Engineer: 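A single structure is presented below for examination.
When reading the values below, keep in mind they use all heavy atoms of this one structure, side chains included, and skip hydrogens, waters and symmetry mates. In this text the structure is predicted, and so the values were computed from the model without any measurement. Lettering of chains follows the sequences in order, A, B, ..., and the numbering in each one begins at 1.
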Amino acid sequence: MQKPSLPEGTRDFGPEQARKRAWIFDTIRSVFVKFGFQPLETPAMENLGTLTGKYGDEGDQLLFKILNNGDYLKDADPELLAAKNSAKLLPQISKRGLRYDLTVPFARFVVMNHHALTFPFKRYQIQPVWRADRPQKGRYREFFQCDADVIGSDSLLYEAELTQIYDEAFAKLGIPVVIKINNRKILYGIAEAAGIADRFMDMTVAIDKLDKIGVDGVRQELLGRGIPDTGVATILDVLSEPSFQALRPVFANSETGMKGIEELERVFHLLGKTTLHNEVRFDVTLARGLTYYTGCIFEVAAKDVKMGSIGGGGRYADLTGVFGMPGLSGVGISFGADRIYDVLESLNRFPANLSETVPVLFVAFDDTTHEFAFECVSRVRAAGLAAELYPEPGKLKKQFEYAAKRNIPYVVIVGETEMNTGMITVKNQISGEQTNMTVEELIGIIA
RNA sequence: GAGAUUGUAGCUCAGCUGGUUAGAGCGCUGGUUUGUGGCACCAGAGGUCGGGGGUUCGAACCCCCUCAUUCUCCCCA
């Protein structure tokens, strides 16, 4: 007899948790639908070639690979095997992997189905993704993402609308957030102004850490990455600017940087015509790791809770290009459902009524009354309402304890008297009040 | 991949510098109540002390190995 356990970084979700999670998904989905996004589902596994090379070297490391079926070593190169060369051996023993995010499978889907799609194509997708990461606070190896992406339009309207979606969804979820916006073009402009356009990636990785390691930390990081003193000075100077408008003089010689400012200007202009519940803030230090972002980038942080970002996204000018279909611009956002769950739990913001299961439980004394109770419970269900009948007639104590543990607010007692008169005894579990009535009257109460 | 942390009953945890039959609270089962849950009281079940090896007269406690957890770095939702 072995002790059962779960793989590292995965979890079961009991009834209570599953209800709360369903509420999160339903809430987010309702906002997606309101903005005209259509549902999409893709397989848990993709061909490995679809996934590799999309998330950088580090991302490839974090992909879960699926071992081929059957005699998977049959075609393996003996030399590679002997040399224990895992990297080169991999394609010979694994041709599939678990999806790492929902964006790349979406791009794959669009390329495969572009003939049947109407552009701009707006889809939402709520499914688990897997990363072979080291689990820690707010980080799991299996977690759900809720994505909304538009592909086939470069209109900045969508940047504004996706911001609205974030704002509305988090308002509905009851989580106060800050929605941070930046633009990769602005980051590139800074790199150009600092004369280190070729070290763009190094720069973004470094300044992304500002709120974590401080100005001095960023300076060390930049210098450590081999960026010259003059460049570092320019970069640190820019980081203190709270407004993207102030960057205009810096971008005097950077066409890309100016374009970034114009894009943000347009997005904020549109957002200015609506009312938002949460703060939307330009943040020059927002960089985000994924390599394919080219325009606006988003990140959502919960206020008052120490947690990594609970949402992120951005514009990618050419995501489908790697699948042989260049020129399709896309923009999307993602909600981290598992972290949102953790935030709601620590904020104690889940709606109270989520713990209620069914409104009424029928209990009986013997086989005869049990059968009559079965008729009664069926009539309640026929009226479209949820109801349960305790499986065994007999001791009331046991049946009442069951009702209490299940948080069932009404218990109907069906005995000989009730059966003969048709007047069932209905007990309100919260007030303790007990009254006789017909099944129809009960239906009226719980409806 | 690197570092730290924790692992004792179903759950949360005590368990002294190594010393007899390893404890508590909650939960669970039965009873006080064969037409009434929460409260109270009574009784009871439940533990290879994560696993393996070692030191010792003696190990939950010390040492080594191993597995797992949680957290930090890297990176990310």
Side-chain angles (χ1 to χ4, degrees), chain A residues 1-11 14 24 28 55-63 86 100-103 126-147 166 201 204-206 208-209 212-213 217 221 286-291 298-302 306-314 332-343 361-366 369 390 393-419 424-434 436:
Chain A
M1 178 92 162
Q2 61 161 344
K3 202 175 183 179
S5 63
L6 283 172
E8 193 179 2
T10 68
R11 300 149 306 153
I24 294 173
I28 294 171
Y55 312 106
D57 292 342
E58 200 126 7
D60 287 351
Q61 294 289 319
L62 299 180
L63 283 172
S86 302
Y100 179 90
D101 71 359
L102 301 178
T103 309
I126 299 176
Q127 289 192 282
V129 303
W130 293 269
R131 296 182 188 179
D133 216 345
R134 210 47 166 228
Q136 51 185 278
K137 185 180 170 65
R139 174 175 296 187
Y140 307 99
R141 286 185 153 178
E142 176 184 70
F143 61 97
F144 272 70
Q145 290 192 325
C146 313
D147 277 30
Y166 265 146
M201 285 300 290
T204 57
V205 170
D208 189 39
K209 298 178 184 172
K212 212 167 193 174
I213 60 178
E221 183 92 17
L286 175 59
R288 296 193 56 75
L290 292 180
T291 48
F298 307 99
E299 195 159 288
V300 182
K306 195 165 173 273
M307 175 68 71
S309 70
I310 55 178
I333 55 171
S334 180
F335 290 77
D338 299 79
R339 287 186 177 176
I340 290 171
Y341 182 101
D342 293 344
V343 169
L361 173 77
F362 283 74
V363 304
F365 293 98
D366 51 37
T369 52
Y390 196 81
K395 286 199 172 182
L396 289 192
K397 179 183 166 73
K398 198 166 193 151
Q399 307 193 60
F400 268 89
E401 276 175 354
Y402 174 81
K405 280 176 196 153
R406 290 285 311 278
N407 269 318
I408 299 173
Y410 290 100
V411 174
V412 174
I413 301 162
V414 181
E416 209 173 329
T417 321
E418 286 83 356
M419 188 170 67
I424 52 176
T425 302
V426 177
K427 179 170 182 184
N428 181 323
Q429 288 284 90
I430 295 143
S431 67
E433 198 181 342
Q434 200 161 299
N436 295 315

Engineer: Of all the nucleotides listed (B:U29, B:U36, B:A77), which has the minimum atom distance to the side chain of A:Lys405?
Structural biologist: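 Taking heavy atoms from C-beta onward, the closest nucleotide is B:U29.
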
Engineer: Is A:Arg134 side chain donor-acceptor paired with the B:C74 base, going by distance under 3.5 Å alone?
Structural biologist: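 No, the side chain and the base share no sub-3.5 Å donor-acceptor pair.
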
Engineer: Nearest whole angstrom, please: distance from the P of B:G38 to the CD1 of A:Ile408.
Structural biologist: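 Answer to the nearest Å: 16 Å.
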
Engineer: How far does the P atom of B:A9 sit from the matching atom of B:G47, given to the nearest Å?
Structural biologist: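 Each nucleotide's P atom is 10 Å from the other's.
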
Engineer: Hey, is the side chain of A:Glu418 pairing donor to acceptor with the base of B:G35 inside 3.5 Å?
Structural biologist: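 Checked by distance alone, the answer is yes.
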
Engineer: Quick check against the 3.5 Å criterion: does A:Arg339 have a side-chain atom that pairs as donor or acceptor with the backbone of A:Gly138?
Structural biologist: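 Indeed, once roles are kept as given, a pair shorter than 3.5 Å links the two residues.
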
Engineer: Sticking with atom C1', work out how far B:U21 lies from B:G58, rounded to a whole angstrom.
Structural biologist: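 Roughly 16 Å separates the two C1' atoms.
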
Engineer: With side-chain hydrogen bond (donor to acceptor under 3.5 Å, both in side chains) as the criterion, how do A:Thr10 and A:Glu142 come out once you've worked through the C-alpha distance, each side chain's angles and the decisive distance to 0.1 Å?
Structural biologist: CA-CA 6 Å; A:Thr10 68; A:Glu142 176 184 70; 5.9 Å; no

Engineer: For A:Ala287 and A:Asp208, work out which heavy atoms get closest and say how close.
Structural biologist: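 In this case the closest contact between A:Ala287 and A:Asp208 is N-OD1, 3.5 Å.
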
Engineer: OP1, OP2 of B:C73 versus side-chain N and O of A:Lys212: anything below 4.0 Å?
Structural biologist: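 For B:C73, OP1 or OP2 has a side-chain N or O of A:Lys212 closer than 4.0 Å.
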
Engineer: Choosing from B:A77, B:G37, B:G35, which nucleotide comes nearest the side chain of A:Arg339?
Structural biologist: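 Given the options B:A77, B:G37, B:G35, the side chain of A:Arg339 is closest to B:A77.
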
Engineer: Could you state the CD-C1' distance from A:Gln136 to B:A4, rounded to the nearest angstrom?
Structural biologist: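 About 12 Å, once rounded to whole Å.
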
Engineer: Roughly, in whole Å, what's the span from CG in A:Asp342 to P in B:U70?
Structural biologist: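 Rounding to the nearest Å, CG of A:Asp342 and P of B:U70 are 12 Å apart.
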
Engineer: Of all the nucleotides listed (B:U36, B:G37, B:A77), which has the minimum atom distance to the side chain of A:Ser309?
Structural biologist: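 The answer is B:A77, which lies nearest to the side chain.
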
Engineer: Tell me whether the side-chain N or O atoms of A:Lys427 pair up with the base of B:G37 as donor and acceptor below 3.5 Å, since no angle test is needed here.
Structural biologist: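 Checked by distance alone, the answer is yes.
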
Engineer: Would you mind telling me which of B:A77, B:G37, B:U36 lies closest to the side-chain atoms of A:Leu396?
Structural biologist: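 Comparing B:A77, B:G37, B:U36 against the side chain of A:Leu396, the answer is B:U36.
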
Engineer: If you measure from the P atom in B:C61 to the same atom in B:C16, how many Å do you get, rounded?
Structural biologist: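 The answer is 11 Å between these two P atoms.
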
Engineer: Could you tell me which nucleotide pairs with B:G47 by Watson-Crick or G-U wobble geometry, both distances under 3.5 Å, or answer none if nothing does?
Structural biologist: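 Check on B:G47: unpaired, no WC or wobble geometry under 3.5 Å.
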
Engineer: Rounded to whole angstroms, how far apart are CD on A:Gln61 and C1' on B:C73?
Structural biologist: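 Those two atoms, CD and C1', are 17 Å apart.
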
Engineer: Can you tell me the Watson-Crick or wobble partner of B:A24, both distances under 3.5 angstrom?
Structural biologist: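 Because both required distances fall under 3.5 Å, B:A24 counts as paired with B:U12.
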
Engineer: For a quick test of reading the model, state the closest non-hydrogen atom pair linking A:Asp101 to A:Arg131 and the distance between them.
Structural biologist: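 Minimum heavy-atom separation between A:Asp101 and A:Arg131: CB-NH2, 3.9 Å.
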
Engineer: Using whole Å, what does the distance between atom C1' of nucleotide B:C74 and atom NZ of A:Lys209 come to?
Structural biologist: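 One finds 7 Å between C1' of B:C74 and NZ of A:Lys209, rounded.
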
Engineer: Counting any heavy atom closer than 4.0 Å, what does A:Gly59 reach on the DNA or RNA strands: base, sugar-phosphate only, or nothing?
Structural biologist: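 Result for A:Gly59 = nothing.
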
Engineer: Take atom P in B:G51 and the same atom in B:A45, then report the distance between them in whole Å.
Structural biologist: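 Looking at atom P only, B:G51 and B:A45 are 23 Å apart.
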
Engineer: Describe the nucleic acid contact of A:Ile310 in one word from base, sugar-phosphate, nothing, applying a heavy-atom distance below 4.0 Å.
Structural biologist: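 Sugar-phosphate only.
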
Engineer: Mapping A:Thr425 and A:Pro135 to their closest nucleotides on RNA chain B, which lands nearer the 5' end?
Structural biologist: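 Whichever sits nearer the 5' end wins; that is A:Thr425.
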
Engineer: Quick one: label A:Gln399 by what it contacts on the DNA or RNA (base, sugar-phosphate, nothing), any heavy atom closer than 4.0 Å.
Structural biologist: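 Since no nucleic acid heavy atom lies under 4.0 Å of A:Gln399, the category is nothing.
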
Engineer: Going by purine N1 to pyrimidine N3 plus the second Watson-Crick contact, or the G-U wobble pair, all under 3.5 Å, which nucleotide sits opposite B:G1?
Structural biologist: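 B:C73 is the nucleotide pairing with B:G1.
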
Engineer: If you measure from the C1' atom in B:U55 to the same atom in B:C65, how many Å do you get, rounded?
Structural biologist: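 The same atom, C1', in both gives a distance of 15 Å.
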
Engineer: Taking atom C1' of B:G35 as reference, at what distance in whole Å does atom CD1 of A:Ile413 sit?
Structural biologist: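 In whole Å, B:G35 C1' lies 7 Å from A:Ile413 CD1.
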
Engineer: Write down the distance separating the P atoms in B:C13 and B:U36, rounded off to the nearest Å.
Structural biologist: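 Taking atom P in both B:C13 and B:U36, they lie 39 Å apart.
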
Engineer: Taking only N and O in the side chain of A:Lys397, is any of them less than 4.0 Å away from OP1 or OP2 of B:G31?
Structural biologist: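 So the side chain of A:Lys397 is outside the cut-off, no N or O lying under 4.0 Å from OP1 or OP2 of B:G31.
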
Engineer: P atom, B:A22 versus B:G27: distance in rounded Å?
Structural biologist: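 Pairwise P distance, B:A22 against B:G27, rounds to 25 Å.
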
Engineer: If you check the A:Lys137 side chain, which of B:U36, B:C73, B:C71 turns out closest?
Structural biologist: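 Of the candidates, B:C71 comes closest.
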
Engineer: Determine the interatomic distance between P on B:C76 and the same-named atom on B:A68; round to the nearest Å.
Structural biologist: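 It comes out at 26 Å once rounded to the nearest Å.
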
Engineer: Would you say A:Arg141's side chain and A:Pro135's backbone share a donor-acceptor pair under 3.5 angstrom?
Structural biologist: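 Absent.
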
Engineer: A:Ile408 and A:Gln429: which non-hydrogen atoms are nearest, and at how many Å?
Structural biologist: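 So the two residues come closest at O-CG, 3.4 Å.
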
Engineer: Can you tell me the pairing partner of B:A40 across any strand shown, Watson-Crick or G-U wobble, with both distances under 3.5 angstrom?
Structural biologist: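 The base-pairing partner of B:A40, which may sit in any strand shown, is B:U32.
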
Engineer: Would you mind telling me which residue lines up with the more 5' stretch of RNA chain B, A:Ile213 or A:Gly312, judged by nearest nucleotide?
Structural biologist: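 The residue whose closest nucleotide sits nearer the 5' end is A:Ile213.
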
Engineer: In this structure, how many angstroms lie between the P atom of B:C75 and the CH2 atom of A:Trp130, rounded?
Structural biologist: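 The answer, rounded to whole Å, is 26 Å.
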
Engineer: I want to know whether A:Phe335 and A:Tyr166 have ring centres closer than 6.0 Å.
Structural biologist: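 Judged by ring-centre distance (under 6.0 Å), A:Phe335 and A:Tyr166 do meet the cut-off.
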
Engineer: Any N or O donor-acceptor pair under 3.5 Å from the base of B:U69 to the side chain of A:Glu8?
Structural biologist: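 When only heavy-atom distances are counted, A:Glu8 does not reach the base of B:U69 through any donor-acceptor pair under 3.5 Å.
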
Engineer: Starting from P on B:C75, measure out to CZ on A:Phe143 and report it in whole angstrom.
Structural biologist: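 It is 17 Å, rounded to the nearest whole Å.
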
Engineer: Indicate, with a heavy-atom threshold strictly under 4.0 Å, whether A:Val205 touches base, sugar-phosphate, or nothing.
Structural biologist: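 A:Val205: backbone/sugar contact only, no base atoms under 4.0 Å.
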
Engineer: Work out which heavy atom in A:Ile413 is nearest to a heavy atom in A:Glu418; give both atom names and the distance.
Structural biologist: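 Scanning both residues, the minimum pair turns out to be O-CG, 3.4 Å.
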
Engineer: What does A:Tyr140 touch in the nucleic acid at a heavy-atom separation under 4.0 angstrom: a base, only the sugar-phosphate, or nothing?
Structural biologist: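 The answer is base, as A:Tyr140 lies within the cut-off (heavy atoms under 4.0 Å) of a base atom.
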
Engineer: When you get a sec, tell me which of B:G31, B:U72, B:G35 is the closest nucleotide to the side chain of A:Lys395?
Structural biologist: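 When the side chain of A:Lys395 is considered, B:G31 is the closest of B:G31, B:U72, B:G35.
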
